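Being a predicted model, the structure only gives us computed values, none of them experimental. Order of the sequence lines sets the chain letters (A, B, ...), proteins ahead of strands, with each chain counted from 1.
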Amino acid sequence: MPVPARAEPETDAVPSDAVRSDAVPSGSLLDTTATRPPLGEDALHDLAIDQLVTRLATQVGDDLAAVLTVPLATVDAVRRRQDVARALDVPAVRAVVETFVDAVTRSVGQHAEARKAYPVEADLWRLHAATTYLDALVALASDLPRELAGAGSRSAALDEVARACAERVDEPSFRELYARATALAAAVHDVTVALWLHGDTVTVGRFDDEPDDVATVREVFARFADHGRAKRRVAAAPPRTSGRRMDEVQAHVLGMAARLHPEVFDEVHAFAAVGDVVDGFAARFVHDVRLYLAWLDVIAPLRAAGLPVCLPRVRAGHVHTDAREVYDVVLATRLVDRHEDVVTNDLTLATTERLLLLSGPNQGGKTTFARAVGQLHHLAAVGLPVPGRRVALGLADQVLTHFERPERLGNLAGRLGEGLHRMKDLLGRATAGSVVVLNEPFSSTGLDDARFLTREILARARATGALVVCVTFVDDVAGPDGSTVSMVAEVDPDDAAVRTFHVTRRPPDGLAYARALARRHGLTAELVRSRLEDRS
Amino acid sequence: MKVRLMFPDHDVDGATPEMAGADATAADLELDTLWDAMARGDAFVRGVVRATTLRPVQDVAVVEHRHAVLAECRRVPGLLDELEEVAERAVTAERRASSWVFDRSASMSLGHAVTVLDLLLEDLRALRAVADRYADDVTSPGWTALLATVRAEIDDDYLEVLRAEVRHLRLEDGVVLSAHLSPTGLALGLVLRRPRPENHHVLQRNPLLRPTHSWTVPERDEGGARAFGELRDRAILDVATTALHAAEHVVGFFEALRTELAFYRGCLTLTAALEAAGARWCLPTTTTPAAGEHELRCAGVYDPCLVLRTGTAAVVNDVDLRGRRLLVVSGANHGGKSTLLRALGVAHLMAQAGMPVAAEQCTVALVRDVHTHWAREEDADLRSGKLDEELTRLSDIVDRVRPGSIVVSNESLSSTTEDEGAAIALEVVRALVDCGVVVYLVTHLYDLSRPLHDDATRPAVCLRAPRLSSTSRYRLEPGEPLRTSFGRDLYDEVFATAAPPGSAG
């Protein structure tokens with residue numbers, strides 16, 4: 001079988017003008033035009049990216065989480081996202097952004113509440129939704145530029161958001177709206193009413209500065225107050241929900257309060273007609289930024305456990321691959337959760353080295369490493385921080401995987417056939433810009449067959465020019481040329497048993513032994529003196 | 001309102017920690033026997049005397065304050081009894097109210113608190129009556145101040161205010177409160193208010209400033225009725241908790257009173273028991289030692305626990321430690337050495353609790369705390385393991401002591417060979433004494449007692465247990481350590497044999 005010619009190194013596999021986009025909508029942080037087709041079903045599962053998507057979806061919803069499956073087409077697009085991620089990783093920037101996201105989310109919820117509220121209450125919800133958003137936007141307009149400037153990293157997308165904020169809060173219409181909402185909220189806050197509950201009747205009047213009854217009771221018993229008890233009982237509070245949501249009685253109280261204070265509530269009613277005040281660019285920004293925040297949340301426990309996370313240096317075409325302390329982000333999350341150690345590995349491939357063969361004993365970490373390399377390339381192409389330190393790699397147009405699936409079909413021939421079909425399909429799609437991860441292909445067949453098939457497939461895979469990572473137990477498939485690299489999973493002979501029991505000879509002289517024991521307990525004259533020295 | 005029978009300026013404070021190493025000290029000195037005798041079956045008294053013994057006071061004035069109160073308890077019969085009766089009834093107010101139900105809603109809590117306060121009002125009246133009755137009979141600062149406080153603080157005016165307040169808390173005229181509005185119109189910040197009399201109109205119950213609007217929950221509107229009840233409960237939540245706390249505070253005062261009375265009850269029980277056994281006791285003279293100094297002078301000192309256990313008077317000893325920080329007791333096994341050691345340790349703790357001391361006469365300098373290190377015979381372990389255990393305990397003590405602490409050591413380090421044990425102990429004892437720690441030491445290790453006796457730079461008082469043939473058995477005399485141990489005497493006594501020809505090596 002002739003070995004097909006390798007693809008030319010340093011060629012950009014994709015013409016960059018085909019996917020270039022400059023029509024980024026204001027407030028957007030996720031350029032979704034310069035993209036490739038999403039990760040295939042097999043790779044999604046084999047690289048466990050599906051688990052990450054599921055996890056993100058619980059925080060940001062399915063649509064936004066799906067961004068994690070879509071590689072970007074250009075280095076520029078990757079860098080734009082990386083710039084955003086780098087800025088958001090600065091705690092002060094992140095805090096400002098999270099505060100805003102939280103406020104807008106609340107504002108939207110508050111506006112929705114108005115629809116199911118009692119009449120006066122509905123007006124207040126709309127006012128509340130408006131002040132929540134307006135306050136947040138004013139804060140963002142002043143805080144975001146400051147923190148971005150202090151962060152020392154530039155993000156064109158975030159700068160644009162900051163600029164849009166500043167322009168909006170400077171408009172006269174905004175200033176008028178803001179002043180009106182703020183004044184009304186203060187007026188509502190200042191309303192105090194007096195209530196008299198008697199029988200089944202509630203009577204509401206204006207507050208007449210009646211004295212605090214609890215303070216009076218406390219004062220009468222003050223002379224016994226030195227005699228507390230360690231365990232002070234409290235009367236059980238009413239149900240948690242009580243007082244947190246509007247009920248019939250409170251609605252009537254509010255209605256009567258509004259009648260007592262028409263100067264406030266007529267104005268509130270007029271304001272409520274204004275409607276939703278959230279600006280389009282702000283809604284877009286809040287939507288997009290949540291993906292970054294969610295991803296930073298995913299990797300936070302890994303960093304806390306001391307695992308490196310970085311923004312990779314991504315270049316187009318065939319480049320030198322260098323990644324330190326790489327690990328499988330999904331497995332690591334599980335291990336960190338259980339307080340177990342995570343093993344990391346380094347990966348270095350020269351520009352011309354396009355086939356990586358992984359061999360070694362079972363349970364040696366081969367598959368995990370292969371998966372980690374696949375994840376690394378895919379996540380780098382999505383433009384997010386990746387597991388590892390000082391990562392430099394080429395931008396992959398797609399990551400293709402072929403993992404043995406024993407569960408798929410019953411008989412061996414069928415399974416082999418199915419596997420070969422999948423392989424053929426995979427090879428048909430691979431380009432010189434692709435990353436191909438093969439995990440023990442044909443392990444279910446005989447050794448001769450497996451050796452033959454693996455050789456054939458690897459030759460074809462190499463012919464595509466893709467970067468190929470292959471886990472295999474077949475150890476004599478490597479070609480003679482310099483494009484093949486072999487890595488072996490080692491079993492550490494020392495394990496983790498680093499406990500050393502020093503065995504020292506003990507002299508038969510008992511006094512020496514007893515003295516040694518006393519010394520160990522800090523019970524010699526000098527030691528006792530020094531232990532007592534600084535006490536008085 | 002303070003009780004101040006235990007301290008001139010404050011009440012017994014539950015937060016003061018026991019002295020370091022209290023458990024080991026209590027076990028080695030067999031203090032359970034003392035506390036059982038003082039309690040005579042009363043677990044509360046036992047708890048108080050135990051707590052007091054293990055918190056040695058560091059102030060002569062406090063000791064003297066307690067002595068004066070105790071003397072008056074003996075002189076004015078009835079005072080302690082009557083106060084105990086009032087205090088014991090008052091602390092059960094909670095139980096007597098029997099209105100505590102599973103539903104701890106604000107309404108139920110408030111109702112319960114009012115019932116308890118009603119009962120406590122009666123107890124306060126009774127307390128006032130006792131104070132009135134005995135006010136002229138007492139002279140000690142502790143009693144005088146307590147009775148005067150009760151009469152001043154619980155005067156007739158105050159009792160009337162309390163009565164009115166408890167009645168008001170029944171909230172029979174409805175609940176008046178203020179509320180402000182949350183941004184979305186919820187009634188928040190509910191504060192119970194006392195209506196202004198001027199807003200009341202003749203023949204109208206409405207206590208609010210006019211104009212007002214009213215709304216009544218429609219009949220059969222269950223949701224409305226529940227919401228109404230919740231609003232009311234939220235309104236009175238604070239006052240219900242405040243009333244519960246008020247009741248707890250009043251009960252707390254009676255508990256504090258009962259606690260301090262229990263100490264004196266225990267002391268009276270103790271002196272009666274000692275007298276019944278024919279043993280003498282005294283109120284010791286306590287002194288504040290100059291830095292690095294120590295003083296203990298006892299005539300006729302004995303271990304009260306031994307007397308309380310046997311019911312008969314014990315052999316007494318005289319000890320005079322003035323200007324010495326080291327007491328070395330050597331001599332025969334079963335020669336009364338451990339008993340003397342216990343007697344001294346117990347005497348220190350009782351003196352600093354303000355209790356009577358088991359001695360005819362006693363002058364004692366205040367110490368910081370008392371640590372004990374007893375050889376633990378029960379550990380039939382490997383030799384090295386047992387030495388290790390002893391050294392661990394000794395090291396723990398070194399961690400805890402300060403200048404002014406006493407370390408009472410009974411045959412320490414006898415779990416190893418003589419020369420090993422003596423060598424280690426000598427170093428530790430000298431270092432402790434040099435650092436201002438007082439050491440009382442019983443040992444049969446000649447290689448330990450002899451160098452300590454001969455050490456002119458660390459003067460020691462040395463006592464020696466007599467030979468068994470001597471007439472004053474268990475009475476220890478001053479004397480330098482002797483090489484011969486008296487084990488052979490004991491052997492002879494136990495086995496009733498004539499001296500064997502060869503002596504044990």
With a 4.5 angstrom heavy-atom cut-off, could you sort out which part of [X] is near chain B: side chain, backbone, both or neither?
X: A:Asp123; answer: neither
X: A:Arg531; answer: side chain
X: A:Val120; answer: neither
X: A:Ala194; answer: both

Selection from [options] maximising heavy-atom pairs under 4.5 Å formed with chain A:
options: B:Arg232, B:Arg226, B:Glu219, B:Arg205; answer: B:Arg205
options: B:Ile154, B:Leu181, B:Val161; answer: B:Leu181
options: B:Ala240, B:Ala256, B:Pro211; answer: B:Pro211

Quick check on [X] against chain A: is it the side chain, the backbone, both or neither that has a heavy atom closer than 4.5 Å?
X: B:Leu188; result: side chain
X: B:Val429; result: neither
X: B:Leu110; result: neither
X: B:Asp221; result: side chain
X: B:Glu153; result: both
X: B:Phe254; result: neither

Yes or no on side chain to side chain contact (heavy atoms under 4.5 Å, CB included) for B:Val176 and B:Leu192, after CA distance, side-chain angles and deciding distance?
CA-CA 6 Å; B:Val176 173; B:Leu192 199 67; over 6 Å; no

Could you go step by step and tell me if B:Val3 and B:Thr149 meet the side chain to side chain contact (heavy atoms under 4.5 Å, CB included) rule?
CA-CA 8 Å; B:Val3 179; B:Thr149 302; over 6 Å; no

Classify the angle between the aromatic ring planes of A:Trp196 and A:His198 as parallel (below 30°), tilted (30 to 60°) or perpendicular (above 60°).
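Correct class here is parallel.
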
